[in-house]
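Read the structure below first, then the notes.
Quick note: numbers below take in every heavy atom, side chains included, and nothing from hydrogens, waters or symmetry partners.
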Amino acid sequence: MSNLAKIGCNFQNATDTCVMCYNNSETVDHLLIHCDFASRIWAFYANNLHILTTPISLDQVWLTWIPSLEAHRRTFWDLLTRAIFWNIWLERNNRIFNLAFLSTTAILFKISHMLIDWCSAARDPTLHVSSDSIQSVKRSLDFLSARSADLASNSI
Ligand SMILES: [Zn+2]
């Protein structure tokens with residue numbers, strides 16, 4: 001949005017405001033990393049998968065952040081990062097073009113299922129995706145399912 005506004009091509013929206021939080025200009029770094037919506041997603045995976053840092057910019061992700069992770073976690077986090085970015089981008093477009101919204105929990109489900117599918121589909125033995133990491137994602141899905149069920153039963 002920020003780039004489209006700079007060249008006067010933000011026809012769909014008259015502003016460059018982020019549609020995920022309505023609090024900031026939508027830059028790439030804001031949308032995918034710093035937005036409250038993105039921050040909740042990063043925090044969920046950082047907490048569940050026990051990593052201490054999350055990326056601070058898109059440029060830094062593949063240049064320094066993923067290489068700074070333990071070797072056995074790099075491929076997994078590379079895939080997870082791509083799944084996070086892709087699903088935030090899809091949700092952002094869904095909000096702009098379809099005026100439809102999914103919750104953070106729904107996006108977490110989509111990211112986790114996409115990641116598990118990608119890891120299952122990978123037949124490359126050099127991929128080295130840690131099965132511990134996949135199990136952690138599957139456990140986090142169980143946690144999200146239980147939380148969703150609690151929320152649904154409390155709303156009745
Ligand atoms: Zn935002």
Side-chain angles (χ1 to χ4, degrees), residues 1-7 9-10 13 16-97 101-148:
M1 269 317 165
S2 176
N3 286 335
L4 288 175
K6 282 180 197 167
I7 60 172
C9 291
N10 54 334
N13 286 349
D16 67 351
T17 302
C18 172
V19 297
M20 308 304 280
C21 68
Y22 295 99
N23 276 330
N24 288 286
S25 173
E26 187 204 78
T27 63
V28 173
D29 284 343
H30 173 80
L31 177 69
L32 300 177
I33 296 171
H34 301 295
C35 180
D36 286 346
F37 187 88
S39 294
R40 286 192 300 273
I41 290 171
W42 283 106
F44 176 82
Y45 289 107
N47 290 336
N48 281 289
L49 299 168
H50 311 293
I51 63 163
L52 300 176
T53 64
T54 55
I56 57 173
S57 73
L58 190 66
D59 289 342
Q60 179 242 11
V61 168
W62 285 281
L63 291 177
T64 58
W65 183 67
I66 288 179
S68 75
L69 300 174
E70 298 166 272
H72 71 279
R73 293 179 164 208
R74 288 182 197 145
T75 301
F76 175 82
W77 275 94
D78 180 274
L79 292 172
L80 178 54
T81 298
R82 292 169 198 270
I84 290 171
F85 287 170
W86 182 239
N87 279 282
I88 291 173
W89 179 249
L90 292 176
E91 176 61 13
R92 175 255 191 210
N93 289 340
N94 197 38
R95 290 179 182 204
I96 291 174
F97 300 112
F101 297 76
L102 290 177
S103 67
T104 306
T105 302
I107 300 298
L108 288 169
F109 271 111
K110 288 181 66 180
I111 292 167
S112 294
H113 282 292
M114 179 177 281
L115 180 67
I116 291 167
D117 287 349
W118 285 351
C119 291
S120 298
R123 294 177 190 272
D124 181 351
T126 62
L127 195 55
H128 299 305
V129 174
S130 161
S131 62
D132 290 348
S133 299
I134 296 296
Q135 291 308 317
S136 293
V137 170
K138 288 180 177 174
R139 281 193 302 275
S140 71
L141 282 173
D142 293 341
F143 170 77
L144 285 173
S145 297
R147 201 171 88 179
S148 296

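At least one side-chain heavy atom of V19 sits less than 4.5 Å from a side-chain heavy atom of Y22.
Between the side chain of R95 and the backbone N or O of F101, no donor-acceptor pair lies under 3.5 Å. Checked by atom type and distance alone, the side chain of H34 pairs as donor or acceptor with a backbone atom of I56 at under 3.5 Å.
Here the closest heavy-atom approach between residue L102 and residue F37 is recorded as O-CE1, 4.4 Å. M20 and C35 get closest at one heavy-atom pair: CB-SG, 3.7 Å.
Each of N87, L80, T81 was scored for a side chain to side chain contact (heavy atoms under 4.5 Å, CB included) with I84, with one residue passing: L80.
Going from atom CZ of R73 over to atom NE2 of H50 covers 8.0 Å, rounded to the nearest 0.5 Å. Here CZ of F76 is found 5.0 Å from CG of L49. Values are rounded to the nearest 0.5 Å. Taken to the nearest 0.5 Å, the SG atom of C119 stands 8.0 Å off from the CD1 atom of I116. The structure places CD1 of I88 at 8.5 Å from CD1 of I33, a figure rounded to the nearest 0.5 Å. In this structure, CD1 on I66 lies 10.0 Å from CZ on R74, to the nearest 0.5 angstrom. Rounded to the nearest 0.5 Å, atoms CG (D16) and NE2 (H30) are 10.0 Å apart.
No donor-acceptor contact under 3.5 angstrom links the side chains of N48 and S136, judged on distance only.
Checked against ring-ring contact (aromatic ring centres under 6.0 Å, His included), W77 has the following partners two or more places apart in sequence or in another chain: W65. Under the rule for a side chain to side chain donor-acceptor pair (under 3.5 Å), the partners of D78 that lie at least two apart in sequence or sit in another chain are W62, R82.
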Show which side-chain atoms of residues 106-115 pair as donor or acceptor with protein atoms under 3.5 Å away, not counting sequence neighbours.
from	atom 1	to	atom 2	distance (Å)
S112	OG	Y45	OH	2.7
S112	OG	L108	O	3.1

